[in-house]
Amino acid sequence: MADNNEKQSLVSLIFSAPVLLGLVGVGCMIYGVAEGFKVMQFFFGVCIVLGSVGLYFIRKKDWDAHWKEMEQVREAHEKRMAEETEKKK
């Protein structure tokens, strides 16, 4: 079952949010160039494509591991601060 969750089907990869947003961005860029290089459509197309790439990397990151690591760092910092406070007394 873990293999099924890790391996997504080709259809779900093609119709994922980052891919669809990227296609919309490319479409905006093509429309902007085709209509006599309309700068705003091209600009928004570039922004959408960059946003979809960012979304891909954000969704790829393991956030549970990230927050667990941040909690460990916070606890180590609090422990170190408590030890420094004890040394000052």
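All values reported here derive from a predicted model rather than from experimental measurement.
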- Note on the structure: So CZ of Arg74 and CD of Gln72: to nearest 0.5 Å the spacing works out to 11.0 Å

- Item | From Met29 atom CE to Gln41 atom CD, the distance as rounded to the nearest 0.5 Å | 13.0 Å

Between [X] and [Y], is there shared hydrophobic-cluster membership here, with clusters defined by ILVMFWY side-chain heavy atoms closer than 4.5 Å?
X: Val53; Y: Leu50; answer: no
X: Val46; Y: Phe43; answer: no
X: Ile30; Y: Leu23; answer: no
X: Val24; Y: Val39; answer: no
X: Val26; Y: Phe42; answer: yes

- Task: List, by chain and number, the other hydrophobic cluster members for Met81, where Ile, Leu, Val, Met, Phe, Trp and Tyr join if side-chain heavy atoms come within less than 4.5 Å, directly or indirectly.
- Result: none

- Message: Counting neighbours of NE2 on His77 that are heavy atoms of other residues, nucleotides or ligands and sit closer than 6.0 Å, is the number greater than 12?
- Response: no

- Message: Please determine whether the number of non-hydrogen atoms from other residues, nucleotides or ligands lying under 6.0 Å from atom CZ of Phe37 exceeds 12.
- Response: yes

- Which heavy-atom pair separates Cys28 from Gly45 by the least distance, and what is that distance? CB-CA, 3.6 Å

- Looking only at heavy atoms, which two atoms of Leu55 and Leu21 are closest? And how far apart? CD2-CD1, 3.9 Å

- Item | Side-chain heavy-atom pair Glu75, Lys79 within 4.5 angstrom cut-off | no

- Query: Going by heavy atoms in the side chains, are Lys38 and Tyr31 under 4.5 Å from each other?
  - Reply: yes

- With sequence neighbours left out, what residues match Glu83 under salt bridge (Lys or Arg N to Asp or Glu O under 4.0 Å)? none

